[in-house]
Amino acid sequence: MFDTKVAIIVRNDLAAWQRLNVVAFLATGVASAAPDAMGQPYVDAAGNRYGTLLGQPMMVFEADLAGLQKAHSIGLTRELALHPYVEAMFSTGNDHDNRQAFLAEDPAHLNLVGLALHGPKKAVDKAVKGLSLHP
């Protein structure tokens, strides 16, 4: 039904609040990078207007660090839109410090706690192959 796919992967050893936080942040990254994927505003029967949502499903997977790093590597080679979240970002309090924490990471060994991928369906499927859907 869709030519593209959105997958969010969250690390399986995080506390529940951390998992939800990471998924929320990563979903905003996908939405901001793919405005054409956004649906139309919602309107209820009384005429009240509501915001838009992404116009296609987002699949949420879980993985250990190695699984996240593998998906990241495949995503890079397949030129997918990638939105990373590293563990050091939990200790910051703003976007500027988040970007500084990310910049300090070793690109070959990112300490990922989450990763969103968006792109052609087959390429995203390849990146998440073998991962389990989040329960």
Side-chain angles (χ1 to χ4, degrees):
M1 184 168 167
F2 297 100
D3 293 336
T4 62
K5 186 171 189 172
V6 177
I8 296 177
I9 310 165
V10 65
R11 207 160 82 193
N12 58 8
D13 62 348
L14 300 178
W17 74 267
Q18 290 173 312
R19 289 180 189 219
L20 292 170
N21 182 270
V22 168
V23 169
F25 271 101
L26 294 175
T28 65
V30 171
S32 70
D36 56 317
M38 296 302 293
Q40 296 298 312
Y42 286 80
V43 180
D44 67 20
N48 297 308
R49 292 185 59 82
Y50 300 88
T52 61
L53 300 174
L54 199 66
Q56 70 182 93
M58 282 189 246
M59 305 302 294
V60 180
F61 296 85
E62 67 174 3
D64 59 11
L65 177 58
L68 277 157
Q69 289 172 334
K70 180 180 177 187
H72 174 259
S73 177
I74 293 169
L76 285 174
T77 63
R78 302 242 174 200
E79 299 180 354
L80 295 172
L82 300 176
H83 307 274
Y85 198 112
V86 295
E87 187 169 27
M89 292 164 67
F90 283 132
S91 64
T92 67
N94 59 72
D95 186 54
H96 173 76
D97 290 340
N98 279 349
R99 284 184 274 113
Q100 293 303 309
F102 184 76
L103 183 61
E105 291 279 323
D106 175 357
H109 300 94
L110 293 174
N111 190 10
L112 293 163
V113 295
L115 180 68
L117 307 98
H118 179 242
K121 184 182 181 316
K122 287 183 180 182
V124 172
D125 285 344
K126 182 76 169 175
V128 298
K129 186 176 181 175
L131 300 182
S132 299
L133 286 171
H134 194 286

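FYI, the numbering just counts along the sequence from 1.
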Gln69 and His109: which non-hydrogen atoms are nearest, and at how many Å?
NE2-C, 3.6 Å
Following the transitive rule for hydrophobic clusters with a side-chain heavy-atom cut-off under 4.5 Å over Ile, Leu, Val, Met, Phe, Trp and Tyr, establish whether Leu53 and Met38 coincide in one cluster.
no
To the nearest 0.5 Å, atom CG of Leu117 lies from atom CE of Met58 at 12.5 Å
State whether the number of non-hydrogen atoms from other residues, nucleotides or ligands found under 6.0 Å of Asp3 atom CG is greater than 12.
no
Does some side-chain heavy atom of Arg78 sit less than 4.5 Å from a side-chain heavy atom of Lys122?
no
Val10 side chain near Tyr85 side chain, heavy-atom distance below 4.5 Å
no
From Thr4 atom OG1 to Asp36 atom CG, the distance as rounded to the nearest 0.5 Å:
8.0 Å
Please give me the minimum heavy-atom distance between Arg49 and Pro41, naming the atom from each residue.
NH2-CG, 3.4 Å
Can you measure from CG (Asn21) to CG (Leu26) and round to the nearest 0.5 angstrom?
9.0 Å
Closest heavy-atom pair and its distance - Val124, Ala7
CG1-CB, 3.7 Å
Could you tell me whether the side chain of Glu105 and the main chain of Val86 form a donor-acceptor pair under 3.5 Å?
no
Any ion pair linking Arg99 and Asp95 (charged N to carboxylate O, less than 4.0 Å)?
yes
Under a 4.5 Å side-chain heavy-atom rule over Ile, Leu, Val, Met, Phe, Trp and Tyr, are Leu112 and Ile74 clustered together?
no
Hey, does Thr52 have a side-chain heavy atom less than 4.5 Å from the side chain of Gln40?
no
Rounded to the nearest 0.5 Å, how far apart are CZ of Phe90 and CG of Asn98?
10.0 Å
Distance in Å, Met59 CE paired with Leu131 CG, rounded so as to fall on 0.5 Å steps
12.0 Å
Minimum heavy-atom distance between Lys5 and Lys121, given as atom pair plus value
CB-CA, 3.9 Å
Rounded to the nearest 0.5 Å, how far apart are NE2 of His134 and CD1 of Ile8?
11.0 Å
Can you give me the closest heavy-atom contact between Arg19 and Asp13, atom names plus distance?
NH2-N, 3.9 Å
Same apolar cluster (I L V M F W Y, side chains within < 4.5 Å links), Leu80/Phe2:
no
Quick one: does any side-chain atom of Arg11 pair with a main-chain N or O of Leu65 as donor and acceptor, under 3.5 Å?
no
Can you see which heavy atom on Gly29 is nearest to which on His83, and at what distance?
O-CE1, 3.1 Å
Might you work through the side-chain contact (heavy atoms from CB on, under 4.5 Å) test for Gln18 and Glu87, ending with a clear yes or no?
CA-CA 10 Å; Gln18 290 173 312; Glu87 187 169 27; over 6 Å; no
By salt bridge (charged side-chain N to carboxylate O under 4.0 Å, His left out) - contacts of Lys126 (at least two apart):
none
Transitive ILVMFWY side-chain link Leu133 to Val60, under 4.5 Å:
yes
Would you say Leu68 ends up clustered with Leu76 if hydrophobic residues are merged whenever their side chains have heavy atoms under 4.5 Å apart, either directly or through other cluster members?
yes
